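Inspection log for the structure reproduced underneath, given as structure tokens.
One-based numbering, in listed order, for ligands and for the atoms of each. These figures come from a predicted structure and were not determined experimentally.
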Amino acid sequence: MSMRVYNFSAGPAMLPTPVMEKAQEEFCNYHGVGNGIIELTHRGAQFEEVLGRAKSNIKELMNISDEYEIIFVQGGASLQFSMIPMNLMLPGGFAEYADTGTWANKAAKEAKLFGNVKIIASSKDTNYNKIPDIRHWKPEAGSSYLHLTSNNTVFGTQYHAFPDMDGTGVPLIADMSSDIMSRRIDVNKFGLIYAGAQKNIGPSGICLVIMKKELAERTHEKIPTMLKYSTYIDNDSMYNTPPTFAIYMIALVTDWLKEQGGLTVVEEINDMKSEVLYELIDKSAFYRCPAEPSNRSKMNVNFRLPTEELEEKFVKEAKANGMLGLKGHRSVGGIRASIYNAMPMKGVEQLIDFMNEFERIYG
Ligand SMILES: *Cc1c(COP(=O)(O)O)cnc(C)c1O
């Protein structure tokens with residue numbers, strides 16, 4: 001696959017080349033069945049094995065206990081913005097939200113349809129260049145849950161420590177769409193974790209939800225079947241036809257993550273990739289990173305050049321050199337290098353060489 005280039009897009013993002021090749025190899029004829037997985041019934045042995053493998057891989061990689069359910073829901077992470085309050089907001093109650101930017105805001109907006117939303121912390125005043133310190137946050141009595149966004153894809157910030165909710169009885173809920181399985185986390189600290197797959201673990205349109213079984217019991221009756229967590233739990237994510245191909249891709253990506261040596265190894269590589277990039281940016285007078293050093297994202301490295309004209313040139317020339325998707329989110333501008341699990345160190349090294357050369361010419 002010599003024609004593959006390095007794609008730094010924020011999502012959908014590049015998948016590991018061995019995974020793409022395996023999917024290609026099996027596309028028309030899955031394990032000698034004579035049809036592809038995309039064409040096979042979800043009630044058959046082949047797909048059941050795929051679904052089981054995806055779940056057991058995730059369970060193993062993230063060290064998830066039997067107190068949790070692993071389900072797949074369509075509608076991306078954005079549907080979870082609604083499903084969470086719809087299912088988990090206590091009657092007449094309120095929920096707490098930490099505001100760290102675009103996605104956190106979208107989540108809070110939906111919750112307002114189902115109860116009161118208390119914004120417990122925000123970094124809006126400084127244009128979301130940091131994570132508010134909520135490590136020692138104690139929830140208010142009666143709070144339905146605390147919601148946060150573990151990695152802020154647009155602003156390039158990330159939580160490196162989470163509030164400890166032990167003993168409060170209030171579940172911690174996290175949108176991990178852009179850093180799921182990029183590092184080790186203690187799942188036991190969370191009531192519910194969700195992640196749209198298209199950044200780190202698969203194609204778009206599907207959302208991984210990991211939730212404490214007991215939380216699903218909160219849901220009251222008057223919720224549409226397809227929007228109720230218990231429907232997915234009781235039917236092993238197959239109440240209706242699930243997105244079989246997306247789940248198959250997640251199975252392949254998680255196979256690959258295990259082959260890499262699991263999340264300990266993956267985290268080390270991700271640390272290295274982000275460190276070398278931030279080091280270059282911090283050393284240079286040409287590049288500049290708006291995010292506070294202690295809250296920087298290891299997944300989305302945002303930086304600015306001296307002028308917008310140079311930024312435009314940078315994106316264009318990078319593309320001509322086989323590096324795609326470096327334009328920052330339209331709401332913030334600048335450059336964004338998304339370096340999820342599938343981005344190899346080699347891709348980052350190529351970007352660094354390009355950045356040095358670009359600075360030498362235009363700096
Ligand atoms: C991309 C992203 C989303 C949106 O995901 P969809 O699957 O498009 O709904 C939500 N939250 C975060 C943190 C994201 O990065």
Side-chain angles (χ1 to χ4, degrees), residues 7-15 71-86 97-111 113 117 121-124 128-132 145-160 162 172-183 185 190 192-211 226-227 232 237 242-243 245-247 249-250 253 270 274 291 295-302 325 327-332 336-343:
N7 177 4
F8 291 88
S9 159
M14 66 183 290
L15 291 173
I71 59 174
F72 298 105
V73 185
Q74 301 185 48
S78 297
L79 184 61
Q80 294 309 305
F81 297 164
S82 314
M83 265 178 82
I84 287 162
M86 191 186 275
Y97 278 73
D99 170 25
T100 50
T102 313
W103 296 111
N105 269 302
K106 287 191 172 174
K109 174 176 173 238
E110 297 303 305
L113 298 169
V117 168
S122 174
S123 49
K124 191 175 179 180
Y128 298 116
N129 72 334
K130 61 184 178 195
I131 297 290
Y145 56 81
L146 168 61
H147 179 283
L148 58 79
T149 313
S150 60
N151 182 73
N152 297 282
T153 327
V154 174
F155 292 94
T157 61
Q158 187 176 26
Y159 285 81
H160 298 300
F162 295 104
L172 177 61
I173 296 185
D175 176 357
M176 296 197 182
S177 293
S178 50
D179 64 355
I180 190 89
M181 288 185 242
S182 69
R183 55 175 170 172
I185 53 143
F190 297 84
L192 187 152
I193 291 167
Y194 65 105
Q198 70 272 27
K199 278 104 187 195
N200 262 315
I201 56 168
S204 59
I206 186 169
C207 191
L208 164 66
V209 179
I210 301 161
M211 77 186 294
M226 282 295 287
L227 298 175
Y232 292 82
S237 302
F245 193 72
I247 292 170
M249 290 302 291
I250 292 176
V253 173
N270 286 333
S274 52
N295 300 147
R296 285 175 180 173
S297 168
K298 295 181 178 178
M299 297 279 101
N300 311 97
V301 177
N302 281 17
K327 195 171 159 57
H329 190 268
R330 60 191 183 281
S331 65
V332 297
R336 170 172 56 177
S338 297
I339 48 172
Y340 303 119
N341 290 343
M343 175 59 68

Are Y145 and Y97 near enough that their ring centres are under 6.0 Å apart? yes

Ignoring hydrogens and angles, write down the donor-acceptor pairs under 3.5 Å from the side chains of residues 98-105, residues two or more places apart or on other chains.
unit_1, atom_1, unit_2, atom_2, d
D99, OD1, G101, N, 3.3
D99, OD1, N105, ND2, 3.3
D99, OD1, Y128, OH, 3.1
D99, OD2, S122, OG, 2.8
D99, OD2, Y128, OH, 2.9
T100, OG1, N152, OD1, 2.7
T100, OG1, N152, ND2, 3.3
N105, ND2, G101, O, 3.1
N105, ND2, Y128, OH, 3.2

Testing the 3.5 Å rule here: is there a donor-acceptor pair between the side chains of S182 and N341? no

Side-chain atoms of residues 172-181: list all donor-acceptor pairs with protein atoms under 3.5 Å, sequence neighbours left out, distances to 0.1 Å.
unit_1, atom_1, unit_2, atom_2, d
D175, OD1, S177, N, 3.0
D175, OD1, S177, OG, 2.7
S177, OG, G196, N, 3.1
S178, OG, N151, O, 3.1
S178, OG, N151, ND2, 2.8
S178, OG, T153, OG1, 2.8
D179, OD1, S150, OG, 2.7
D179, OD2, S150, OG, 3.3
D179, OD2, Q158, NE2, 2.9
D179, OD2, R183, NH2, 2.9

Around ligand 1, what residues show up once you keep those with a heavy atom under 4.0 Å from it? G76, A77, S78, F81, W103, T149, N151, T153, D175, S177, S178, Q198, K199

Residues passing the salt bridge (Lys or Arg N to Asp or Glu O under 4.0 Å) test with R336, sequence neighbours excluded, are none

Interatomic spacing from CZ in F81 to OG1 in T149 - rounded to 0.5 Å: 7.0 Å

